[in-house]
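Working notes for the structure below.
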Amino acid sequence: MLAGKFAGRAAEGDAWIGSSGDYYVPSGEALLHGISLEGVSAAMPGYSVPNALLSHAGAGTRLLVHALSLLAGAALVFALGLLLHGAVCGGAAALLYAWVLPSHLSSDRWLYTLLVLAAAVALVARARAPTLWRSLVLGLCLGMSLLTLSPLFLFPPALALYERLRPPQGWARQSAVIALAAFLPLTLWAAMNWRTQHRLVLFEDGRADNNITIGALGFVSTALGPAVVAEGVADGRRLLPWAAGEALRHPLRTLRACALRLAYGASSQP
């Protein structure tokens with residue numbers, strides 16, 4: 001039953017490969033072949049390169065990759081429940097995962113979902129017995145996720161600050177290991193971008209400009225299509241200072257928009 005449901009979801013999400021530029025297949029091709037392409041840094045290599053490789057595979061291979069990724073996700077969900085509360089909890093979590101499986105897990109976020117789940121399992125395993133080895137594994141899982149998408153980039157310092165309240169043995173060394181393992185892989189990405197673009201690019205370059213602009217203006221929903229560019233915003237390199245200024249000039253609007261966005265996100269993740 002689970003395999004059938006996973007395969008069905010994978011089939012639903014299979015059509016996007018090679019049929020849309022939204023998932024940065026051209027960027028992945030450019031990285032694979034060493035071609036200079038404008039906007040190649042708009043997606044991280046762990047996002048664009050696997051999608052580019054899958055675009056050359058047959059429909060059966062793509063379906064198999066998606067189905068296996070969903071099954072691997074179920075195994076990680078089971079491991080997470082097992083570590084938290086035992087085998088019964090793990091089994092219930094895996095069953096719930098299969099029952100309410102979101103369709104986006106079988107589309108462009110298939111690999112990132114696995115990496116975040118792996119990081120969650122590593123985090124819980126380390127919390128049970130903090131060791132230098134488990135800290136290294138956690139850092140590597142976070143680093144792989146950052147090479148795919150950047151949302152967890154503040155997690156290593158946030159975890160270090162949280163654990164400072166009740167520091168485990170060797171807290172400073174473990175925190176340093178997590179941070180180094182998470183951020184060291186990004187140095188190659190930054191070096192490539194510095195060499196080709198002559199500026200510092202650590203994550204996706206400009207991919208969030210539209211969201212930042214709309215959020216700074218107090219809107220909750222993300223608009224599609226061309227970005228709503230406010231007066232005085234000339235390009236992406238000035239966007240963050242302008243957005244910070246908007247938040248400071250209109251704090252109540254910013255707080256209201258943040259609260260509404262949090263409520264919207266919570267409503268989608270019961």
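- Of the candidates Leu147, Leu186, Asn193, Leu186 is the only one forming a side chain to side chain contact (heavy atoms under 4.5 Å, CB included) with Phe203.
- The two residues Leu80 and Ala120 have their closest heavy-atom pair at CD1-O, 3.7 Å.
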Walk me through it: do Arg126 and Thr131 pass the test side-chain contact (heavy atoms from CB on, under 4.5 Å)?
CA-CA 7 Å; Arg126 177 182 174 275; Thr131 65; over 6 Å; no

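- Criterion: ILVMFWY side-chain heavy atoms under 4.5 Å apart, direct or through other members. Under it, Leu82 and Leu123 are not part of a common hydrophobic cluster.
- Annotation: side chain to side chain donor-acceptor pair (under 3.5 Å) contacts of His198 (sequence neighbours excluded): none.
- Residues Leu217 and His250 fail the side-chain proximity criterion, which asks for heavy atoms closer than 4.5 Å.
- Here the side chain of Tyr97 pairs no donor or acceptor atom with the backbone of Ala75 at under 3.5 angstrom.
- Smallest separation of non-hydrogen atoms from Cys141 and Ala122: SG-CB, 4.2 Å.
- The CH2 atom of Trp194 lies 6.5 Å from the CG atom of Leu200; values are rounded to the nearest 0.5 Å.
- Both Leu140 and Val177 belong to a common hydrophobic cluster when Ile, Leu, Val, Met, Phe, Trp and Tyr are linked at side-chain heavy-atom distances under 4.5 angstrom.
- By the 4.5 Å heavy-atom criterion applied to side chains, Phe153 and Leu202 are not counted as neighbours.
- Looking at Leu154, Leu142, Leu138 one by one, the single match for side chain to side chain contact (heavy atoms under 4.5 Å, CB included) with Leu159 turns out to be Leu138.
- When hydrophobic clusters are built by joining Ile, Leu, Val, Met, Phe, Trp and Tyr residues whose side-chain heavy atoms come closer than 4.5 Å, directly or via intermediates, Val137 is not grouped with Leu84.
- With hydrogens and angles disregarded, a donor-acceptor distance shorter than 3.5 Å links the side chain of Arg253 to the backbone of Ala216.
- Separation of atoms CG (Leu63) and CG (Leu68) is listed at 9.5 Å; rounding is to 0.5 Å.
- Atom CG of Leu132 sits about 11.0 Å away from atom CD of Gln169, to the nearest 0.5 Å.
- Checking side-chain atoms of Trp110 against main-chain N and O of Ala67 turns up no donor-acceptor pair under 3.5 Å.
- Nearest approach of Gln197 to Ser41, heavy atoms of both residues: NE2-OG, 2.9 Å.
- Smallest separation of non-hydrogen atoms from Ala181 and Pro185: O-CD, 3.3 Å.
- The CZ atom of Arg173 sits 12.5 Å away from the CD1 atom of Ile178 when rounded to the nearest 0.5 Å.
- In terms of hydrophobic clustering, with Ile, Leu, Val, Met, Phe, Trp and Tyr side chains grouped at heavy-atom distances under 4.5 Å, Val49 and Leu188 are assigned to different clusters.
- Scored by the salt bridge (Lys or Arg N to Asp or Glu O under 4.0 Å) test, Arg134 finds no partners at all (sequence neighbours excluded).
- You'll find the side chain of Glu204 reaches within 4.5 Å of the side chain of Ser150, heavy atoms only.
- Across all non-hydrogen atoms, the minimal contact from Met44 to Leu146 is CE-O, 3.4 Å.
- Inter-residue side-chain proximity for Tyr112 and Leu152 is flagged as met; some heavy-atom pair is nearer than 4.5 Å.
- By the side chain to side chain contact (heavy atoms under 4.5 Å, CB included) test, Leu115 pairs with Leu111, Met144, Ser145, Thr148, sequence neighbours left out.
- The line from OG1 of Thr254 to CZ of Arg256 is 11.5 Å long, rounded to the nearest 0.5 Å.
- Hydrophobic cluster membership differs between Val88 and Phe78, with clusters built from Ile, Leu, Val, Met, Phe, Trp and Tyr side chains linked at under 4.5 angstrom.
- Across all non-hydrogen atoms, the minimal contact from Val77 to Ala94 is CG1-N, 3.8 Å.
- Heavy atoms of other residues, nucleotides or ligands lying less than 6.0 angstrom from CZ of Arg128 number 12 at most.
- Between the side chains of Glu163 and Ser175, no donor N or O sits under 3.5 Å from an acceptor N or O.
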Could you please spell out the steps behind the side-chain contact (heavy atoms from CB on, under 4.5 Å) verdict for Leu53 and Leu32?
CA-CA 9 Å; Leu53 291 173; Leu32 285 170; 3.7 Å; yes

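- Within the model, atoms OG of Ser135 and CG of Leu180 stand 12.0 Å from one another, a figure rounded to the nearest 0.5 Å.
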